[in-house]
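First comes the structure, then the notes that go with it.
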Amino acid sequence: PANHNGVYMELIVEILNITTGGNRIAILSEQSASLLGVHSSDRIRLTYGDHEAIAITNIAANFPMNRIGLYDEIAVALGVKEDEKISVQLAPVPESLINVRAKLRGERLREQDIITIVKDVVECHLRSVEIAAYLTDFKIYGLSTGEVEALSRAMVATGKSISFGEGPILDKHSVGGIPGDKTSMLVVPIIAAAGFTIPKTSSRAITSPAGTADRVETLCPVNLSIGEIKDVVAKTNGCLVWGGSLELAPADDLFIQVEYPLGIDPLLLPSILSKKKAIGATHVVIDIPTGVGAKIKTRTEAYTLASDFVDLGKRLGLNIQCALTVGDQPLGCSIGPALEAKEALTTLMGGGPPDLREKSVSLAGMLFEMVGVENGQAKAEEILDSGKAEKKMREIIAAQGGNPTVNPADLPVGKEHDVVRSDKAGRVLWLSTEDIVRIAREAGAPKEKGAG
C-alpha cells in the first residue's frame with residue numbers, strides 16, 4: 001500500500017491506555033517519522049487486516065523505533081491489540097482542508113464542500129487547529145443561509161437519529177446565557193402531562209453554574225442510551241436526558257470542544273437545530289433571553305436571531321417559534337445544580353418563585369398553541385396547579401431510574417453557607433448575573449452538585 005511518497009513501515013502496536021476525547025493520535029519515534037517522511041501533526045494511514053484509519057502523529061524522542069503508540073480511540077477504530085503488527089504510511093492531505101482554505105479567502109462553500117468538512121470532523125481527520133481555523137472563518141465571514149442549511153443537514157446525516165413515531169414531537173431550547181433557567185424541568189412535565197411527546201435532550205454546563213442535565217442528575221440518571229430514552233418516552237411521553245453521549249449530530253460536540261476555549265459560537269443555529277432534527281422534533285419553541293447580562297444583548301439582535309431560526313427551521317422542515325424573554329436577571333432564587341432542582345420541584349409542588357412559574361407556563365403555552373390547543377397558557381397553568389405536572393415529573397424520574405417520592409428537602413446541598421446582609425434598608429432592584437455566576441462557580445458548581 002503506497003501513497004504519494006511510496007514509503008510504508010510495519011510497526012508493533014503499543015496500546016497507551018490514554019483517551020483524548022477527540023482526535024485519533026499515534027506516537028512514532030523520531031527515526032520512524034524521518035523514514036516515513038512524517039512531521040509532527042501530519043496524518044498517517046494505519047492498516048490492520050481489512051481495517052484502515054487515519055491518525056494524527058505525535059513524535060516522541062525516546063520511543064522505540066520498531067513500535068507505534070496508539071491512543072484508545074485509534075486502537076478501537078482499528079480493532080487492534082497490544083504487540084500486533086500494523087502497516088503505517090503518510091496519508092494525503094484531506095480534501096476538506098482545501099475547503100477551509102477557500103473559506104479563509106472569503107469564498108462561499110458549496111453543499112458538497114460542507115459535507116466533506118463535517119465528515120472529516122466526525123471521522124477525526126482534522127486537527128483541532130484546523131477546526132479552529134474553520135470556525136474562525138465562519139466567525140469572520142459569516143455563513144450564507146444556504147451554507148447554514150447544508151451544515152445543519154450534514155451534521156444530522158453524520159450522526160444517529162431517533163424516531164418517536166407519528167408527530168407532533170415537541171421540544172424547547174434556550175440559547176442560554178441566563179443563570180438559574182430551570183424552565184425545562186417544568187415545561188417537559190406540563191407538556192407530557194397533556195399527552196404530547198416531548199423528548200428533551202440537554203447539555204451540561206459549559207460556562208454556567210448548571211445545565212439542565214446537571215440539575216436533573218440530582219434527581220435521577222440522565223446518561224441514557226437511545227433505547228432507554230425510547231422506553232422512558234413510551235412510558236411517560238417525556239424525558240430529561242443528557243444528549244452528549246447519544247451521537248446525535250456528533251460534529252456539534254466536536255465543534256463545541258474547539259469553540260469553548262476560543263469563546264466563540266458561530267454555529268449557534270445549526271448546532272441547536274441539527275440536534276432537534278436528529279431527535280425527530282416537529283414543533284420547537286426557542287427561548288432567547290435578551291438583556292445586558294445575557295448572550296443576546298439587544299432586542300434588535302434577538303429579532304434577527306429569531307427570524308433566522310424560523311427561516312432555517314422551515315428549510316429543515318421544523319415548525320419554530322421564538323420567545324424573546326427577559327435575560328438581564330437570574331431566573332428564580334437559586335443558582336447551582338441541587339439548589340435549582342429543589343426550586344423546580346418546589347414550583348411543581350405549588351410553591352416556588354413567581355418569575356420561574358410565569359416563564360415556564362408561557363413557554364409551555366406557546367408549545368400548546370403551536371399544536372392547536374386554544375388558550376395554551378391557561379391550559380399550562382391548569383396542568384401545573386392541579387398537580388398533574390408534578391405527578392408526571394415523578395413518573396419521568398422513576399422511569400429514568402430515580403426515586404419518584406423525592407422531596408425538595410431530600411436533595412443534599414453544601415454544608416458550608418454564608419449570609420450576606422445589606423448595611424442599609426430597602427429593596428434589591430437589580431443583580432449582576434455575571435457576579436452571581438462567578439460566585440456559584442467559585443463555590444464549586446457545576447462539578448459539586450450541592451454548590452451554588
Side-chain angles (χ1 to χ4, degrees), residues 173-187 202-215 218 256 259-265 268 272 286-306 322-344 346-347 351-360 362-363 408 411 413-452:
H173 187 89
S174 170
V175 300
I178 170 175
D181 196 346
K182 50 204 88 67
T183 46
S184 292
M185 294 177 74
L186 281 86
V187 173
S202 308
S203 56
R204 295 187 183 279
I206 296 177
T207 52
S208 67
T212 297
D214 302 305
R215 300 171 185 121
T218 63
I256 287 169
E259 286 170 347
Y260 175 53
L262 291 175
I264 59 173
D265 191 4
L268 181 72
I272 292 170
I286 307 273
D287 171 22
I288 306 179
T290 309
V292 181
K295 251 188 216 172
I296 310 299
K297 309 286 182 216
T298 65
R299 301 295 280 185
T300 312
E301 208 182 327
Y303 280 123
T304 307
L305 183 61
C322 296
L324 272 54
T325 56
V326 179
D328 55 5
Q329 292 295 276
L331 190 66
C333 306
S334 305
I335 313 294
L339 290 169
E340 294 190 43
K342 263 181 185 295
E343 191 167 78
T346 306
T347 310
D355 62 339
L356 172 61
R357 182 196 147 88
E358 194 183 312
K359 181 169 179 177
S360 302
S362 84
L363 291 171
L411 298 177
V413 295
K415 57 184 189 297
E416 305 293 335
H417 72 279
D418 191 36
V419 176
V420 182
R421 296 199 180 277
S422 166
D423 51 13
K424 35 169 109 67
R427 228 168 232 265
V428 176
L429 292 181
W430 184 82
L431 293 168
S432 157
T433 53
E434 280 144 6
D435 289 347
I436 293 282
V437 166
R438 205 156 61 236
I439 295 164
R441 286 183 69 91
E442 284 292 328
K447 213 174 180 62
E448 296 295 337
K449 291 277 193 277

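Index from 1, following the sequence.
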Next on the checklist: Could you walk me through whether Val292 and Lys297 satisfy the side chain to side chain contact (heavy atoms under 4.5 Å, CB included) test, starting with their C-alpha distance in whole Å, then the side-chain angles of each, then the deciding distance to 0.1 Å, before giving a yes or no?
Outcome noted: CA-CA 5 Å; Val292 181; Lys297 309 286 182 216; 5.8 Å; no
For the [atom1] atom of [X] and the [atom2] atom of [Y], what is their distance to the nearest 0.5 Å?
X	Y	atom1	atom2	value
Asp214	Ser208	CG	OG	7.0 Å
His173	Ile286	NE2	CD1	6.5 Å
Leu331	Ser360	CG	OG	7.0 Å

Show the nearest heavy-atom pair for residues [X] and [Y], with the distance to one decimal.
X	Y	result
Gly452	Ala443	N-CB, 4.2 Å
Leu356	Ala344	CD2-CA, 4.5 Å
Thr290	Arg299	CG2-N, 3.9 Å
Glu343	Gly332	OE1-CA, 3.4 Å
Lys295	Gly176	CB-O, 4.1 Å
Gly336	Ala210	C-CB, 4.1 Å

Checklist entry - Are the side chain of Thr218 and the backbone N or O of Arg215 linked by a donor-acceptor pair below 3.5 Å? => result yes
Next on the checklist: Looking at Thr304 and Thr300, would you say the former's side chain and the latter's main chain have a donor-acceptor pair under 3.5 Å?
Outcome noted: yes
Item to check | For Arg357, all residues meeting salt bridge (Lys or Arg N to Asp or Glu O under 4.0 Å), sequence neighbours excluded | outcome: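 Expected list: Asp385.
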Next on the checklist: Could you work out, with salt bridge (Lys or Arg N to Asp or Glu O under 4.0 Å) as the rule, every residue matching Asp418, not counting sequence neighbours?
Outcome noted: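 By the salt bridge (Lys or Arg N to Asp or Glu O under 4.0 Å) rule, Asp418 matches no residue at all.
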Are any non-hydrogen side-chain atoms of [X] and [Y] less than 4.5 angstrom apart?
X	Y	value
Thr325	Ile288	no
Pro209	Pro446	no
Thr347	Lys182	no
Leu305	Ile296	yes
Val413	Lys342	yes
Thr433	Leu431	no
Pro289	Val326	no
Asp287	Lys359	yes

Item to check | Sequence neighbours excluded, every pair satisfying salt bridge (Lys or Arg N to Asp or Glu O under 4.0 Å) that has a member inside residues 434-446 | outcome: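 Every salt bridge (Lys or Arg N to Asp or Glu O under 4.0 Å) pair that includes a residue of residues 434-446, provided the two are not neighbours, is Asp435-Arg438.
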Next on the checklist: Please determine whether the number of non-hydrogen atoms from other residues, nucleotides or ligands lying under 6.0 Å from atom CD of Glu301 exceeds 12.
Outcome noted: yes
Item to check | Derivation of the side chain to side chain contact (heavy atoms under 4.5 Å, CB included) call for Ile335 and Val437 | outcome: CA-CA 8 Å; Ile335 313 294; Val437 166; 5.7 Å; no
